[in-house]
Amino acid sequence: MGTLKFGPVTLKHGICLAPLAGVSDYVFRSMARRFGAEYTVSEMVSAKALCYEQISRRQPTPNRVRTAPLAAVRREELPMAVQLFGSEPNFLAEAARLIESGEYRGASGEVPPSAIDINMGCPMAKIVGNGEGSALLKDPVRAAEIVRAVTRAVSLPVTVKMRIGWDADHICAVEFARRMEDAGAALVCVHGRTREQFYAPSADWEQIARVKEALSIPVLGNGDIFSADDALRMIKETNCDGVMVARGAQGNPWIFAEIAAALEGRTYTPPTLAERISVALEHTERLVKEKGEKIGIAEARKHLAWYTHGLRGSAAVRADLMRVESPDAVLPLIKRLAE
Ligand SMILES: Cc1cc2nc3c(=O)[nH]c(=O)nc-3n(C[C@H](O)[C@H](O)[C@H](O)COP(=O)(O)O)c2cc1C
């Protein structure tokens, strides 16, 4: 795996953080970046909601703005992609245009992303029920139309994150990815599972290898990378141009440093307990700063559970962490682990 290039984006190794709805917000992404993720993707953003929110903002009494913050990109985050989901080419194209032009922005200091990514992998019933996410795997004509429409609407590169098919009887990875390339996609990321598999059992990397062989645009491999060894094996077995890590980065932003060290033949030193605790606390404090105490603490609980997972005595502390109400209450609890 050498340098990865698509559109104006150049990545040294192609070590990427995957989109994670409810998880990969600004704070999570910046932690990943600090420890070596070269590229990140926003949480998935509803194209339709972004467009409707935009319309309502032009009215005298604007609705609450919920979707736009998910699509916000700060300069220091580049290169990163904003991921859109939807099923209607026009809405996706308009949402992408709003994002590139910045017309939807309310806050200051935001910039356009490096790419627009289209979600063709989400397996959730309420998403596929609308023909969105992995439902697009069953409608390749519409999926290609979406890529064409978004490509026409923006000058940013358009990328696709897909699964390998709907179910075991309908594996379509190679054919589908080829169509996305023909429609103008600049890169595809393949999660080696079908929609029916959701997140288990283990990912089928063979399909990623086949897509890589069939396409001339870069291919990112995704699914079950929880260590540098997994990443090296993924690269060896699939010849992918880069790797995307999702669950393996939860509570473990150091995984990106571990992968970079392995690719560069350097020794990797895992974080000490003290470092782990200090980063977990910083993550909590920054969530509170970004989202306010109520939401910040509520969201921090799951991150704290991940950061402390596997540490000696963590099960007992975790139960208490799940009930914390303020950032000040977190420190004494976590310190119990350090004792
Ligand atoms: C909680 C959660 C949220 C996710 N949200 C998204 C999302 O918004 N967009 C997307 O394309 N994939 C999403 N995914 C899928 C991941 O990006 C990734 O494809 C999948 O977890 C497999 O990678 P992993 O084995 O490294 O976790 C999500 C996965 C999880 C577990």
Side-chain angles (χ1 to χ4, degrees), residues 1 11-18 20 22-40 76-77 80 222 224-235 242-291 293 296-339:
M1 207 169 74
L11 308 176
K12 188 172 173 200
H13 296 302
I15 306 171
C16 310
L17 171 68
L20 282 156
V23 178
S24 66
D25 57 10
Y26 166 69
V27 178
F28 189 84
R29 296 194 299 264
S30 78
M31 290 300 191
R33 279 304 284 266
R34 184 194 301 174
F35 295 105
E38 299 167 66
Y39 185 74
T40 64
E76 76 266 19
E77 295 198 87
M80 80 165 266
N222 168 243
D224 296 346
I225 298 176
F226 292 98
S227 66
D229 281 352
D230 292 337
L232 292 186
R233 212 162 35 81
M234 161 84 83
I235 294 160
V243 291
M244 214 170 229
V245 180
R247 291 166 300 172
Q250 293 177 159
N252 185 22
W254 299 276
I255 191 169
F256 300 104
E258 186 194 344
I259 296 172
L263 286 172
E264 291 168 10
R266 289 184 286 107
T267 314
Y268 166 70
T269 315
T272 61
L273 182 59
E275 278 171 284
R276 201 171 274 279
I277 287 174
S278 125
V279 168
L281 283 177
E282 184 189 335
H283 198 136
T284 304
E285 280 157 8
R286 291 181 63 189
L287 277 175
V288 168
K289 189 165 164 250
E290 290 289 325
K291 304 189 181 191
E293 182 150 316
I297 277 289
E299 293 194 0
R301 291 188 191 125
K302 62 177 180 263
H303 293 282
L304 289 166
W306 288 322
Y307 276 110
T308 55
H309 185 79
L311 299 181
R312 201 146 33 98
S314 67
V317 171
R318 237 185 341 264
D320 291 337
L321 280 173
M322 289 306 104
R323 288 192 289 268
V324 288
E325 300 281 351
S326 80
D328 296 344
V330 173
L331 182 61
L333 282 175
I334 289 209
K335 274 198 169 152
R336 265 167 50 195
L337 287 174
E339 281 158 9

Heavy-atom closest pair, residues P327 and V288: CG-CG2, 3.8 Å

Interatomic distance, L273 atom CG to R312 atom CZ [nearest 0.5 angstrom]: 9.0 Å

Exam field: side chain S314 to backbone T308, donor-acceptor pair closer than 3.5 Å: yes

Rounded distance (nearest 0.5 Å) linking atom CZ of R29 with atom CG of L20: 11.0 Å

Closest heavy-atom pair and its distance - R276, P271: NH2-CG, 3.6 Å

Donor-acceptor pair between E275 and S278 side chains, under 3.5 angstrom: no

Close side-chain approach of T284 and V324, heavy atoms under 4.5 Å: no

R301 side chain vs M322 backbone, donor-acceptor pair below 3.5 Å: yes

Plane angle bin for W254 and F35 - parallel if under 30°, tilted between 30 and 60°, otherwise perpendicular: tilted

Nearest-0.5 Å distance that lies between atom CG in L281 and atom CG in L304: 7.5 Å

Salt bridge (charged side-chain N to carboxylate O under 4.0 Å, His left out) between E290 and R286, worked out: CA-CA 6 Å; E290 290 289 325; R286 291 181 63 189; 5.9 Å; no

Closest non-hydrogen atom pair, S227 against I255: N-CD1, 3.6 Å

I235: which of V243, I225, D230 passes side-chain contact (heavy atoms from CB on, under 4.5 Å): V243

Nearest-0.5 Å distance, NE2 of residue H283 to CE of residue M31: 6.0 Å

Where A249 and L17 come nearest, the two heavy atoms and their spacing: CB-CD1, 3.9 Å

Donor-acceptor contact below 3.5 Å, side chain K291 vs main chain E299: no

Nearest atoms (heavy-atom pairs only) where R336 meets V317: NH2-CG2, 3.8 Å

Atom pair NE2/CZ of H13 and F256 - distance to nearest 0.5 Å: 13.5 Å

Atom pair NE2 (H309) and CH2 (W306), whose distance is rounded to the nearest 0.5 Å: 12.0 Å

